[in-house]
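Have a look at the structure below before the remarks.
Chain identifiers are assigned alphabetically (A, B, ...) following the order of the sequence lines, protein sequences preceding nucleic acid strands; residue numbering begins at 1 within each chain.
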Amino acid sequence: MAATTNADPENSELRTPSNFLREIIAEDVSSRKFGDAQIQTRFPPEPNGYLHIGHAKAIFLDFGLADEFGGRTNLRFDDTNPEKEEQEYVDSIQRDVRWLGYDWERLCYASDYFPQLYEWALQLIKNGKAYVDDLSADEIRRYRGTLTEPGKDSPYRNRSVEENLDLFVRMKKGEFPDGSRVLRARIDMVSPNLNLRDPVMYRILHATHHRTGDEWCIYPMYDYAHGQSDSIERVTHSMCTLEFADHQPLYRWYIEQLGIFPSQQIEFDRLNLTYTLLSKRKLLQLVQEGRVRGWDDPRMPTLSGIRRRGFTPEAIRAFVASAGVSRTNGIVDIEMLEHFQRDDLNRRASRAMAVLRPLKLVIDNYPEGQQEFVEVANNPEDPSAGTRQVPFSRELYIEQDDFREVPPPKYYRLSPGREVRLRNAYFVTAQSVAKDAAGNVIEVHCTYDAASRGGNSPDGRKVKSTMHWVSAGHAILAEIRLYDKLFNKISPGDAPEGGSFLDNLNPNSLEVITDAKLEPSLGSAKLEDRYQFERVGYFSLDPDSTAEKLIFNRTLALKDSWAKIEKKAEAYGNS
RNA sequence: UGGGCGAUCGUUCAAUGGUAGGACAGUGCCCUUUGGAGGCACUUAUCCAGGUUCGAAUCCUGGUCGCCCAGCCA
């Protein structure tokens with residue numbers, strides 16, 4: 001299996017109308033640019049952090065496009081910098097790619113190509129295309145020139161092939177300390193493209209690599225490793241993000257000098273989301289400083305974070321497909337992601353009743369000690385999901401928000417004298433309230449209409465509101481974690497004057513409710529189950545959950561038009 | 001400021017010289033045993049100035065604005 005996307009053109013769900021990447025590939029296929037070679041792509045993360053929603057776009061494109069053209073995709077770890085890379089990240093990346101719904105043809109590592117890359121470096125030296133430079137990092141930077149000034153040649157640029165060979169071999173043997181020498185490509189110190197001003201190919205790094213251990217003490221740079229790795233894997237279309245566009249001439253230069261398979265690089269725009277930070281470095285900082293609980297904190301934009309939050313791969317794929325691809329740098333509204341997630345969950349999530357902030361509701365004319373079961377649809381969107389029995393009794397919990405002693409305009413829920421429907425159960429009319437010493441309503445007393453069982457009155461009486469409820473005597477207790485945006489600024493990476501991006505953190509991004517009341521069926525919830533707590537939002541079990549203590553995460557709240565009305569009223573001066 | 005890339009509704013992606021369209025967001029109405037979902041409708045865009053053409057978002061010229069590049073990171 002290559003990928004679980006849509007090889008079938010009939011299945012248009014994930015098809016965007018058209019995009020420039022698909023057109024390039026289609027053109028290359030019809031012109032037989034690569035002869036009989038199949039379309040080959042690769043997803044090439046560096047294992048130096050966890051994958052995030054931005055990577056989902058690259059994954060979707062790399063795997064999805066290859067699949068569309070009957071091609072294959074490799075997962076390749078770009079592990080050329082041992083100082084930042086770890087096995088933990090290698091593992092998490094594989095887990096996340098699979099979770100998104102993709103499987104790779106081959107699992108590759110740039111480090112597997114170290115011997116070949118080394119041989120090729122020797123070849124370039126012999127051809128006079130590479131040299132060992134003794135300049136310090138600082139000197140190299142100064143010799144490179146600037147954006148507007150040309151660079152100048154290193155005094156070591158014209159060493160003999162023999163001397164370069166000798167020095168490079170000894171670099172590999174470990175005869176020199178870190179930073180003392182580098183191998184550079186001999187290209188053009190006055191090129192307007194800085195990447196072509198004799199770029200470094202190898203640096204000395206006496207560091208232990210997570211896969212090759214201490215076998216190497218010289219490591220190839222990204223530019224020297226990436227194109228050749230593509231070429232080795234016979235990658236036809238090497239898609240990467242826009243910031244690498246300036247590297248393309250160098251990518252081609254190495255391949256041409258070596259005369260190897262002509263992989264081609266194509267750049268597309270990165271995914272940016274409002275209120276979302278997608279910088280690996282800054283996400284790492286949040287984790288290291290304990291600003292979040294870890295890489296999989298449900299507020300994190302990492303795939304492991306949003307997975308824990310309850311997001312689904314189907315929704316993420318649909319979102320990424322719909323957001324499209326281009327070469328502009330824009331920022332997609334986070335609400336678009338949320339829309340696709342709600343849309344997916346609305347179709348699939350089992351409905352349940354849960355009261356987050358309980359208020360006791362007592363039905364005075366319901367016989368004490370009596371209980372009954374009402375039949376409830378598991379998913380009104382999907383009759384095949386069946387029904388379940390939910391216990392009902394004299395004492396219930398309703399949501400605090402669902403009762404107002406003095407109802408504001410347009411408030412349809414329960415208030416003294418008003419009749420509403422308890423979902424799937426009965427009509428009730430509020431009669432009186434009980435208050436604590438501070439004057440807070442702690443109990444609402446009501447009467448019910450026994451003839452309205454199931455939720456309809458035989459006389460055709462209408463009510464304006466339907467509310468969820470949980471039988472007090474049957475309720476199970478749970479902790480609920482409510483999440484809000486991690487940052488309260490559209491572009492969280494933009495630091496305020498004299499501050500840092502941490503100043504943009506939303507102090508209220510996590511709210512924990514410890515005494516939510518759930519209907520009994522929720523007691524058997526499993527990690528992979530998705531629920532809609534009716535009228536509240538989408539929820540799923542958190543891995544912290546135990547048999548003794550249920551913990552649910554709110555994936556997303558339901559759209560709330562009453563909240564909108566309330567907010568508007570407030571804006572108009574509480575009229 | 002040298003080089004590269006780009007510019008279409010508020011946002012995002014289409015339209016490949018021939019009716020500027022979809023999605024998200026927003027607004028209004030309808031419907032509803034979730035103030036959810038659904039349905040209908042509405043609002044809003046081709047960066048600017050010239051040119052080519054019967055016809056330009058698209059091609060040409062010149063501007064303007066934005067992003068990226070001066071790691072022995074990727």
Side-chain angles (χ1 to χ4, degrees), chain A residues 16-20 23 44-46 48 78-81 83-85 133 135-138 140-142 144-151 178-184 191-197 199-205 218-219 221-223 225-226 240-249 267 269 274 280-281 319 322-340 342-343 346-347 351 353 376-377 380-381 410-413 421-425 427 454-456 463-468 532-537 557-565:
Chain A
T16 46
S18 88
N19 71 56
F20 76 102
E23 282 172 25
E46 183 189 15
N48 68 340
D78 229 331
D79 54 350
T80 56
N81 184 0
E83 292 182 325
K84 290 187 175 174
E85 298 154 7
D133 197 340
L135 252 29
S136 68
D138 198 49
I140 286 182
R141 178 163 41 77
R142 286 203 302 270
R144 184 158 32 228
T146 68
L147 293 178
T148 52
E149 301 163 282
D178 288 4
S180 58
R181 286 176 229 267
V182 291
L183 182 71
R184 301 178 72 176
S191 170
N193 183 342
L194 292 276
N195 295 114
L196 261 19
R197 320 245 263 229
V200 171
M201 294 166 59
Y202 274 95
R203 75 281 213 186
I204 302 173
L205 235 41
I218 55 171
Y219 289 92
M221 298 287 289
Y222 164 85
D223 284 307
H226 200 93
C240 63
T241 44
L242 247 23
E243 67 270 25
F244 291 101
D246 287 341
H247 296 242
Q248 199 186 127
E267 309 87 14
D269 63 330
T274 57
K280 267 194 197 175
R281 206 200 95 239
F319 160 69
S322 171
V325 59
S326 71
R327 287 175 70 92
T328 60
N329 4 59
I331 180 161
V332 177
D333 198 329
I334 186 76
E335 293 198 65
M336 185 154 160
L337 203 213
E338 296 178 349
H339 162 80
F340 279 94
R342 285 195 184 96
D343 189 51
N346 177 51
R347 279 190 294 251
R351 309 296 133 121
M353 291 196 285
V376 176
E381 302 285 317
K410 290 186 183 162
Y411 183 86
Y412 302 144
R413 281 113 96 146
R421 171 167 38 233
L422 293 178
R423 182 140 161 95
N424 296 297
F427 282 9
N456 276 312
V463 290
K464 290 195 96 167
S465 180
T466 299
M467 301 173 4
H468 62 284
Q532 183 199 99
F533 291 176
E534 287 197 87
R535 301 208 308 133
V536 179
L558 245 34
K559 284 196 166 181
D560 188 349
S561 53
W562 164 242
K564 224 175 248 182
I565 293 169

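Nucleic acid contact class of A:L183 (heavy atoms, under 4.0 Å, all strands): none. A:L337 comes within 4.0 angstrom of no nucleic acid atom, judged by non-hydrogen atoms across all strands. Using a 4.0 Å heavy-atom distance criterion, A:F533 is classed as making no nucleic acid contact. No contact: A:S465 has no heavy atom under 4.0 Å from any strand.
Taking only side-chain nitrogens and oxygens, A:R197 never comes nearer than 4.0 Å to OP1 or OP2 of B:G71. The side chain of A:R144 places an N or O atom within less than 4.0 Å of a non-bridging phosphate oxygen (OP1 or OP2) of B:C72.
Nearest-nucleotide assignment on RNA chain B puts the 5′-proximal partner with A:F20, out of A:K464 and A:F20. Between A:A425 and A:N81, the residue anchored nearer the 5' end of RNA chain B, judged by the nucleotide with its closest heavy atom, is A:A425.
Scanning atom types as modelled, no donor and acceptor separated by under 3.5 angstrom connect the side chain of A:R141 and the base of B:G71.
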Taking N or O atoms only and anything under 3.5 Å, show me the protein contacts with nucleotides 3-12 of chain B, one pair per line.
unit_1 : atom_1 : unit_2 : atom_2 : d
B:G3   : N2     : A:D246 : OD2    : 2.8
B:C5   : O3'    : A:R327 : NE     : 3.4
B:U11  : O2'    : A:I331 : O      : 3.0
B:U12  : OP1    : A:I331 : N      : 3.2
B:U12  : O2'    : A:A323 : O      : 2.7

Interface polar pairs with nucleotides 38-40 of chain B, N/O, under 3.5 angstrom:
none

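Nucleotides B:U43 and B:C48, compared at atom C1', are 26 Å apart to the nearest Å. Using atom P as the reference point in both B:U8 and B:U52, the two lie 27 Å apart (nearest Å). Rounded to the nearest Å, the gap between the C1' atom of B:U53 and that of B:U58 is 13 Å.
Classification of B:G62 as anti follows from a glycosidic angle more than 90° from 0.
The base-pairing partner of B:C42, taking Watson-Crick or G-U wobble contacts with both distances under 3.5 Å, is B:G26.
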